[in-house]
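Have a look at the structure that comes next, please.
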Amino acid sequence: MALDEEIYELRRQKLQQIEALGQRTYPTKYEFTHTLPQIVTDYSPKTGEELESARVNVRVAGRIVAIRLMGKASFSHLQQGGQKLQIYIKKDAVGEQGWDLFKLLDLGDHIGVSGYLFRTRTGELSVHVESITFLSKDLRPLPEKWHGLTDVELRYRQRYVDLVVNPEVRDVFLKRSRLVQSLRRTFDSHNFVEVETPMMQPIAGGAVARPFVTHHNTLDMDLYLRIAPELYLKRLVVGGLDRVYEINRNFRNEGLGWRWNPEFTMLEAYQAYTDYQGIMNLTQEAITEAAKAVNGSPISKWTVSEDGKDTVHELDWSNWQRFTMREAILKFWPEKAGAKPEMSDFSSPDRIKALVTRFNAAHSHMAYDPNEPAGKTIASLFESVAEEHLTQPTIIYEFPTAVSPLSKQKPDEPDWTERFEIFAGQMEISNGFSELNDPEDQRRRFEAQLKERERGDEEAHQMDEDYIRALSYGMPPAGGVGIGVDRVCMLLTDSHTIRDVILFPLLRPEKGSAAENAKNPDHQ
RNA sequence: GGGCGCGUAGCUCAAUUGGCAGAGCAACUGACUCUUAAUCAGUAGGUUGAAGGUUCGAUUCCUUCCGCGCUCACCA
């Protein structure tokens, strides 16, 4: 029998002995007077004398995370609400039965205790226990108390254990909650209405990505998990919901990586009667407010590892830079690639091609397809030249029309659109634009995308006739934006993989699991 | 999908050139009524991810498979 099975069996037997002592093994509730965080904040300032002169009786519950047994007395720590509190159990104080119960407890068990607060000889705030109530058994051993759980695979597969033993993990997800709350607060305060639109869509539109496919049996139709809520939210703007937003999951059937998980959380917002500048300012405000709400300051730490050396950057969310895409290419043009380009270098496909040739000769190779539209090449060039330099919050605006099928063109430069993206920590975290609302222009853009599709671009947009019909009823001018909530969370918590800000990231199924058997039904 | 790397006790990690698989914590037994990584004495715990191969002998070398990580590709 493997060791963990032995322990499981042993603890099951202890559970029976606990029952024999007159305790319920899985009781339904415990009335406590304080949470552990309440006790820590309320009574940490009190001295031992103060606690003695005005006795504070408490009932608290928690998971046992440490036991130090000394003959007929013991110190233990309870953990609950992200805090730990020491409890002192003495045979004299809890009686024969209480002591017998205590000796049957293991690390990881849940108990409730009642008693009074005091300070030990070394000054630690503790509960002098007078009675113990058994609440629930941990039948499996917790990971080692000192090193915790470090195996990343186990941490993701058994997040519940990760959360018990690694307090910093709990902290990240509490911060994530504050982040989402703050984003809601900002959009609510600007009179946006929060809505929910379909996650299962007959056409996966609103972004450029490969979708997941599923099937509805009764209607006998394929459906796509949404890659973006965009086209539905804009239908709502047509319908007169002038300010709408949605926070929910998008699904993209693409590779995994430190910035990519197949399902991720996006906030999308649309505001009528404003343009990309208006929505840009609102987005900047929302992220700045979120940074303050999460960390209590607009500054967040961002650790970058290079050649085994850590550099800690301070991201300042109250100080944003703004460049057009073309300015950014000029600004970050590598010295090795010769003289900085000029604005006129973007004016014709030949001159753009010359830029790519110069860049590729000097720098790492950038993928380039001479048949692709010139705007697409410029966008790739931007990514290769500038993205790695965008550590501090930076807004890049004016994107090529060729890569922006849903944005409005600049009135004076039809090859460029009123679109922006926000970068920080070398990641794209947000994307917004003046929404295209001319139904005939939209149809032409979709048709251009269909050509890209024929050219082999599986991710190019499909035609969405109902969306064009909606626009033809008249959509007011509007600005819209998407914010990658997971990535913002990474930046605000110095997390360098998206799996550290998603509670249950996608992993391959465990061997022998139901999911694994479902994958290979023949093997059963 | 390609390349590189990792997988040893429940957890965190060792094992020299291919030569007896080991430690700390956790567990178990005992001592201990103010400890805090409690301490002290003792006990048990292993198909070294799986299968095969080379060898007198494999944790170590080779092949395949499984899982994970990094990276490239993909991913506005």
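Convention: sequence-line order gives letters A, B, ...; per-chain numbering from 1. In this text the structure is predicted, and so the values were computed from the model without any measurement.
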Open item on the list: Dot-bracket, 5' to 3', for RNA chain B please: Watson-Crick or G-U pairs under 3.5 Å, [ ] where pairs cross earlier ones, | where the partner sits on another strand, dots elsewhere.
Closed with: (((((((..((((.....[..)))).(((((.......))))).....(((((..]....))))))))))))....

Task: For A:T120, all residues meeting side chain to side chain donor-acceptor pair (under 3.5 Å), sequence neighbours excluded - done: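 Per chain and number, A:T120 pairs via side chain to side chain donor-acceptor pair (under 3.5 Å) with A:T122.
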
- [ ] Could you pull out all residues at least two apart from A:K90 that satisfy salt bridge (Lys or Arg N to Asp or Glu O under 4.0 Å)?
- [x]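 With neighbours one apart ignored, the set is empty.
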
Could you write out each protein N or O paired with an N or O of nucleotides 40-42 of chain B at a distance under 3.5 Å?
none

- [ ] Sorted by first residue and then second, give each ring-ring contact (aromatic ring centres under 6.0 Å, His included) pair with at least one member in residues 138-171 of chain A; sequence neighbours left out.
- [x]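 Qualifying pairs, neighbours excluded: none.
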
Open item on the list: Just to verify, what does A:H389 make a ring-ring contact (aromatic ring centres under 6.0 Å, His included) with, not counting sequence neighbours?
Closed with: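 A:H389 satisfies ring-ring contact (aromatic ring centres under 6.0 Å, His included) with A:F332 only.
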
- [ ] Output all residues satisfying ring-ring contact (aromatic ring centres under 6.0 Å, His included) with A:F75, sequence neighbours left out; order by chain, then residue number.
- [x]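 Listed in chain order: A:Y88.
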
TODO: With sequence neighbours excluded, tell me which residues meet ring-ring contact (aromatic ring centres under 6.0 Å, His included) with A:Y116.
DONE: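 Listed in chain order: A:H128.
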
Report each atom pair, protein N/O against N/O of nucleotides 29-31 of chain B, whose distance is under 3.5 angstrom.
none

Show me, pair by pair, the donor-acceptor contacts under 3.5 angstrom made by side chains of residues 99-109 of chain A, not counting sequence neighbours?
residue : atom : partner : partner atom : Å
A:D106  : OD1  : A:K14   : NZ           : 2.7
A:D106  : OD2  : A:K14   : NZ           : 3.2
A:D106  : OD2  : A:K137  : NZ           : 2.8
A:D109  : OD1  : A:D138  : N            : 2.9
A:D109  : OD2  : A:D106  : N            : 2.9
A:D109  : OD2  : A:K137  : NZ           : 2.6

Task: Which residue lies more 5' along RNA chain B, comparing A:F118 with A:S404 via nearest heavy atoms - done: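 First, find each residue's nearest nucleotide; the 5'-ward one identifies A:F118.
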
Open item on the list: According to side chain to side chain donor-acceptor pair (under 3.5 Å), who are the partners of A:R252, at least two apart in sequence or on a separate chain?
Closed with: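 Partners of A:R252 under the side chain to side chain donor-acceptor pair (under 3.5 Å) test: none.
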
Task: For A:E230, side chain to side chain donor-acceptor pair (under 3.5 Å) partners two or more places apart - done: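 In terms of side chain to side chain donor-acceptor pair (under 3.5 Å), with neighbours along the sequence ignored, A:E230 is linked to A:K234, A:Y270.
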
